[in-house]
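Shown next, in structure tokens, is the structure this report addresses.
What you are looking at is a predicted structure, and each value in this text was computed from that prediction instead of being measured.
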Amino acid sequence: MGIVVLAGCAGAAPGDQAPTGPDTGDETAAETGNGTVEVHYINVGQSVSTLIRGPRGETMLVDTGHYNDDGEYVLEYLRRHDVTRIDHLVTSHNDADHIGGNAAIIGYYETEADGIGAVYDPGIAASTQTYAEYLDAVEEHDVTLYETREGDAISFGAVEVDVLGPPEPYLEGEARNENSIVLKLTHGETSFLLSGDAEDDQEAYLIDTYGAELRSTVLKAGHHGSSSSSSGPFVDAVAPRAVVVSSAYDSQYGHPTQEVLRRFAERSIPTYWTATHGNVVLVSDGSGVSVRTQRDAPTDPLALRDAEPIEPGAGGEVVERARLGGDPVAGGTDSETGGDDGDDGTATGADALAVAAINADAEGADGENLNDEYVVFEKTGGEPIDLSGWTVADEAGHSYEFPEGFALGAGETVTLRTGSGADTERDLYWGAGSPVWNNAGDTVILSNAEGDRVLEVSYE
């Protein structure tokens, strides 16, 4: 990475390369997974802005929203979450819908808060007023600016931050999207891939260069869910447990496109969309990730548009909706998984029911042997439990409802099979026309008749 000396500024581009960005705290091996890391995908409409807070309070902001609102939504969000300093401000690329708030945020933090540690930029200029204002702000406030390329690393305390792009030389004649800064953040056993607006050429480069190293717990869909990004081979290489899409509900570009959503659906990947889920906050303790959103909206990729939109800047705290591996993350959720005995004395928590077995990989072709894909539930003790209206769901939002009058006594089990058949006392049939449980890993989510989650079991 290189310090850039700017003069005059308008239209100037970042230049020379040098070794590394600033340190923000004592180094701790990322694999220890100490503390929690928060990744905030801020609802900024047809744009993107991602805030990362490290275990010791380190902060990184990747992109700052659209030029139309001059960073208003991002600044409002940062103030509301008491972010008093930005240690690292990363510009994935210099399109105006990603740097719209750069100048305003640099100005605010340099004059009214505790400053900007450094700015990171892929080094490809744009001929827009928004870009000129961004560089003017860097110069006016004498903020260190690094040209950032593949192989660099940003020091972020206990979190490993690897820069996977853009390469040297640039791809596609310095096209800005195809030369986005691509970051992989690793905290313990969890990881997050932020791919900017990388399209097919950069994705192909990443696959060829990194292969299995791309595997990440969560993927931010490239280019707002455009069909030119999130290719099948790239998604397969990343193998995410969840995807986050940042775009407007009424995107003039049709983001996220049906083509991309079908790719996610074919792989049973739960998908969170800022336009319907609002702000999406992922909290990693190093072993698993708590998924928290403002709205409880569908995560089945093909059902995303069934939900009502939520406007950028809308109020409302996030609530835990799902868990990706590991044990529950301690602290800070408004909705807890698990439960206590109900007021009527009926046990509704994990102490009442358990998942005794999961067979996600049916014999032969999964789609041709659906009844060999199943989950076994066991009543572990206590009084019989009436499961009328209770639901079983996977991470992608597929859902099954127990039939009226179905009950389990102490020590009894029931097998829920994916395909069709005649229900009995010990076998129930989902009636799904295709496999439900992802062979590579999924979560069994059990909710009571009131919609409260009482049990979640993940498998790899």
Is a donor on one side and an acceptor on the other found under 3.5 Å between the side chain of [X] and the backbone of [Y]?
X: H277; Y: I310; result: no
X: Q294; Y: N279; result: yes
X: E320; Y: R292; result: no
X: T64; Y: N102; result: yes
X: T293; Y: R295; result: yes
X: T91; Y: N94; result: no
X: H398; Y: D394; result: no
X: K184; Y: E213; result: yes
X: T271; Y: V243; result: no
X: E412; Y: G409; result: yes

Give a yes or no on whether a salt bridge exists between [X] and [Y], defined as a side-chain N under 4.0 angstrom from a carboxylate O.
X: R417; Y: D372; result: no
X: R176; Y: D97; result: no
X: R323; Y: E456; result: no

Atom [atom1] in [X], atom [atom2] in [Y]: separation rounded to 0.5 Å?
X: D442; Y: I445; atom1: CG; atom2: CD1; answer: 8.0 Å
X: R53; Y: R56; atom1: CZ; atom2: CZ; answer: 15.5 Å
X: E76; Y: H81; atom1: CD; atom2: NE2; answer: 10.5 Å
X: S284; Y: E38; atom1: OG; atom2: CD; answer: 10.5 Å
X: F264; Y: S230; atom1: CZ; atom2: OG; answer: 4.0 Å

The residue among V161, D87, D162, L185 that forms side chain to side chain contact (heavy atoms under 4.5 Å, CB included) with I154 is V161
With side chain to side chain contact (heavy atoms under 4.5 Å, CB included) as the test, pick out the partner of V355 among V392, V376, V375. V375
Given Y400, which of W430, W437, F377 fulfils the ring pair (Phe, Tyr, Trp, His ring centres under 6.0 Å) condition? W430
Counting neighbours of CD on E311 that are heavy atoms of other residues, nucleotides or ligands and sit closer than 6.0 Å, is the number greater than 12? no
Would you say that more than 12 heavy atoms from the other residues, nucleotides or ligands in this model lie under 6.0 Å from the CZ of R215, or not? no
Give the intermediate values and the outcome of side chain to side chain donor-acceptor pair (under 3.5 Å) for residues D63 and S92. CA-CA 6 Å; D63 295 333; S92 70; 2.8 Å; yes
Is there side-chain contact between [X] and [Y], with heavy atoms separated by less than 4.5 Å?
X: W273; Y: Y41; answer: no
X: V62; Y: M60; answer: yes
X: Y374; Y: L416; answer: no
X: R149; Y: V163; answer: no
X: V74; Y: L61; answer: yes

Kindly assign one of parallel, tilted or perpendicular to the pair Y120 and H88, based on the angle between their ring planes and the thresholds 30° and 60°. tilted
Between [Y] and [X], do the side chains contain a donor N or O and an acceptor N or O under 3.5 Å apart?
X: E395; Y: T443; answer: yes
X: W390; Y: S447; answer: no
X: T418; Y: E373; answer: yes
X: N369; Y: E363; answer: no

Distance flag, aromatic centroids of Y77 and H40, threshold under 6.0 Å: yes
When the ring centroid of H66 is compared with that of H98, is the distance short of 6.0 Å? no
Could you work out, with side chain to side chain contact (heavy atoms under 4.5 Å, CB included) as the rule, every residue matching P167, not counting sequence neighbours? E150, L171, N179, Y205
Specify the closest pair of heavy atoms between T59 and V83, including all atoms of both residues, with the distance to one decimal. CG2-CG1, 4.1 Å
